[in-house]
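Everything below concerns the one structure shown next.
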Amino acid sequence: MSDHDYRPKSKVGQWFNDRLPLLTLANHLTDYPTPKNLNYWWTFGGILTFCLITQIVTGLTLAMHYIAHADMAFESVEHIMRDVNYGWLIRYIHANGASMFFLAVYIHIFRSLFYGSYKAPREIIWIIGIIIYLLMMAAAFMGYVLPWGQMSFWGATVITNLFSAIPLVGEGIVTWLWGGYSVDNPTLTRFFTLHYLIPFLILGLVILHIWALHVPGNNNPVGIDIKKPSKDTVPFHPYIVIKDGFALLMFMIVFAFFVFYAPNILGHADNYIEANPMVTPAHIVPEWYLLPFYAILRSVPDKLLGVVAMLSAILILAVLPWLDTSKIRSAVFRPLYKQFYWILVADVLILGYVGAMPAEGLYLLIARVATAYYFLHFLVILPVLGFKEKTLPVPLSITEPVLGGSPNLAAARNKESKIE
Amino acid sequence: MKNLFKLFSIIILIITSNSNSFAAEKVEYLKTDWSFKGLFGKFDRASLQRGYQVYTEVCASCHSMKYLSYRNLAEPGGPEFSEAQAKAIAASFEVTDGPNSDGEMFTRPGKLSDKFIMPYDNVKAAQAANGGAYPPDMSVLVKARGGGVDYIYSLLQGYEEAPSNVSLDDGVYYNKYMYGNKIRMAAPLSDGLVEYGDGTNATVEQMSKDVTTFLMWSAEPHLESRHQMGFKAIVYLIILTVLVYFSMKRIWSRVESEV
């Protein structure tokens with residue numbers, strides 16, 4: 001990083017910067033050399049930051065009107081929807097914002113999987129990312145409980161009951177989580193507290209995530225290390241800022257469509273029925289973004305092993321940098337990995353689909369096969385592939401193919417632009 | 001770029017088809033043209049007013065609507081009764097208030113600020129009066145049912161003779177759109193049950209449509225302003241996106257790289 005020798009022009013700026021080098025930081029952020037061949041899949045980091053800020057701002061506003069009490073939560077949400085000025089808008093942005101957040105994070109994660117962004121020297125960025133993802137799931141789950149509808153209540157019951165699978169202490173842990181002998185008011189108030197806390201933890205981790213990113217710099221579609229700054233890079237501002245801005249606006253159009261024209265399509269109708277401990281809904285299903293893991297949970301006949309499988313499905317990602325033995329980062333130069341990558345994408349989508357279906361008959365069979373394949377991909381295919389795969393030749397720099405490399409490189413570049 | 005759009009649409013398709021798949025229990029609901037659907041969807045004022053009449057003369061004897069106030073009836077985007085009409089409607093109900101300075105509860109005519117009065121004092125009383133079944137609160141009913149307005153509209157017209165292989169207990173009725181086909185509510189509507197002030201013929205179909213429209217409004221009282229604001233917001237975003245696109249092209253033309 002060459003920006004340590006940065007000096008503000010004005011005397012006041014120098015005086016301030018010598019005491020707190022905020023201007024150096026700002027200069028580092030604007031000048032940050034970014035690979036110039038980043039495609040639109042790389043814009044989701046910025047989009048995710050926008051999602052987080054949106055959730056925090058709308059969430060704070062909702063919290064001013066929401067009442068975290070089992071007898072009043074549902075009513076207070078209706079109060080927000082009816083009587084608070086633009087309360088319906090704020091709540092619909094917040095509720096759909098969660099879905100948009102997950103949509104973006106899944107694209108972000110799968111981009112990383114495709115281009116090998118998790119590999120050395122970016123393992124820490126990746127692991128922080130996985131922790132953020134885990135916290136997001138916790139925040140989303142607890143947020144879904146707050147309206148205190150039927151799906152809130154029964155979702156909370158099902159998920160907290162998972163802890164009872166832990167041998168010996170399980171039941172005790174569940175009682176401790178609930179703050180009583182069933183999901184009730186103490187559960188709601190603590191979920192509200194944690195739901196309020198977690199976004200700020202995520203914010204802190206996002207700062208670490210970006211900090212860790214700025215040490216090695218961005219990966220890129222070609223997946224090679226590049227000299228920074230060089231002909232291969234552009235300064236973050238204005239090039240990446242405007243590109244991220246453009247992508248963000250497109251994302252916001254989709255977001256706005258859901259908020260204004262289909263605000264309830266991603267939720268479950270049962271959550272407009274006030275929680276009733278005496279009536280169990282016909283199907284208890286989590287929000288769409290948790291469905292693949294729900295499918296994995298239900299595909300294992302044993303409760304404890306099911307929970308273990310579900311958690312492993314997420315935690316296995318944390319050791320991915322060491323499971324993937326290939327030295328080549330980008331799937332552009334890994335013809336076999338590329339195929340397995342798309343099979344994995346399909347596998348996760350299938351898991352999501354069967355997660356929404358009743359766990360019986362053909363659906364259960366499909367869920368089991370897809371679960372097995374999910375683990376096979378990470379535990380067997382990836383490690384073996386690194387040794388067996390014949391990769392394509394990798395260019396030496398981003399500009400090289402343009403300046404007339406070998407025919408192989410031109411082919412590689414063609415493929416790359418197709419992905420864009 | 002193209003792929004980005006493709007992925008977006010695939011994901012959205014999967015999500016929406018998923019959520020629909022629990023909603024429809026494989027019954028085709030009756031369809032009608034709802035004025036409040038679509039980009040510029042608005043409520044049919046007259047239909048909302050008739051719907052309110054059906055609610056208050058028929059449904060309200062068993063179903064509460066506890067999140068609505070009488071003032072809502074005069075608010076923009078709703079049935080838009082005049083304030084005088086809404087006041088008269090409110091005043092036609094007896095509301096329990098108090099305690100007064102003597103510590104006694106008393107009744108008085110309703111005011112605009114009062115919530116819709118409840119048909120029963122509590123859930124137990126409602127169940128006792130309805131053979132153990134609790135008539136659900138109707139404030140957000142259309143959002144609380146998978147099929148939404150189409151489901152409610154169909155259910156109201158879905159009463160028929162039970163097929164010979166289905167045996168019904170006392171106080172249970174057959175409805176082809178009800179989940180499991182058995183319903184505790186007797187067919188609530190019959191032709192000419194209410195007398196519409198505007199001379200509209202009160203067929204079961206007409207009343208079903210009117211009352212369902214009313215229920216849609218009660219569940220989404222800000223639907224009209226949502227649609228209006230949504231259109232403006234999306235047009236604004238599209239224009240801004242186009243402008244930013246050209247700025248981006250211009251800025252990136254300084255480097256020999258594609259965006």
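Protein chains get the first letters and strands the later ones, always in sequence-line order, with residue 1 at the start of each.
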Contact origin within [X] toward chain B - heavy atom pairs under 4.5 Å:
X      : result
A:A247 : neither
A:L89  : side chain
A:V241 : neither
A:Y86  : side chain
A:E274 : side chain
A:Y289 : neither

How about [X] and [Y]: do any of their side-chain heavy atoms sit closer than 4.5 Å?
X      : Y      : result
A:H79  : B:Y67  : no
A:Y272 : B:V142 : no
B:M248 : A:P238 : no

For the candidates B:R254, B:K66, B:K37, B:E75, which exhibits the highest count of non-hydrogen atom pairs separated by less than 4.5 Å from chain A?
B:R254
Option in B:G38, B:G230, B:S139 with maximal non-hydrogen atom pairs under 4.5 Å from chain A
B:G230
Would you give the length of the straight line joining atom [atom1] of [X] to atom [atom2] of [Y], rounded to the nearest 0.5 angstrom?
X      : Y      : atom1 : atom2 : result
A:Y239 : B:I251 : OH    : CD1   : 8.0 Å
B:Y236 : A:M252 : OH    : CE    : 8.5 Å
A:E78  : B:D137 : CD    : CG    : 9.0 Å
A:F255 : B:L237 : CZ    : CG    : 11.0 Å
B:L243 : A:L249 : CG    : CG    : 10.0 Å
A:I242 : B:K249 : CD1   : NZ    : 12.0 Å

In this structure, are over 12 heavy atoms from other groups packed under 6.0 Å from [X] atom [atom1]?
X      : atom1 : result
A:F110 : CZ    : yes
B:K31  : NZ    : yes
B:Q85  : CD    : yes
B:D121 : CG    : no

B:R71 and A:D83 ion-paired at < 4.0 Å:
yes
Under a 4.5 Å heavy-atom cut-off, does chain A meet the side chain of B:F231, its backbone, both or neither?
both
Nearest heavy-atom pair of A:A256 and B:I234: which atoms, and what distance?
CB-CG1, 3.8 Å
Least distance between heavy atoms, A:F74 atom then B:V140 atom:
CZ-CG2, 4.4 Å
Only pairs of heavy atoms separated by less than 4.5 Å count here; which of [options] has the most with chain B?
options                : result
A:P358, A:A269, A:A262 : A:A269
A:I273, A:I253, A:V234 : A:I253
A:R82, A:K36, A:Q150   : A:R82

Can you check whether anything in residues 219-229 of chain B gets within less than 4.5 Å of chain A, heavy-atom wise, and list it by number?
B:A219, B:E220, B:P221, B:H222, B:S225, B:R226, B:H227, B:M229
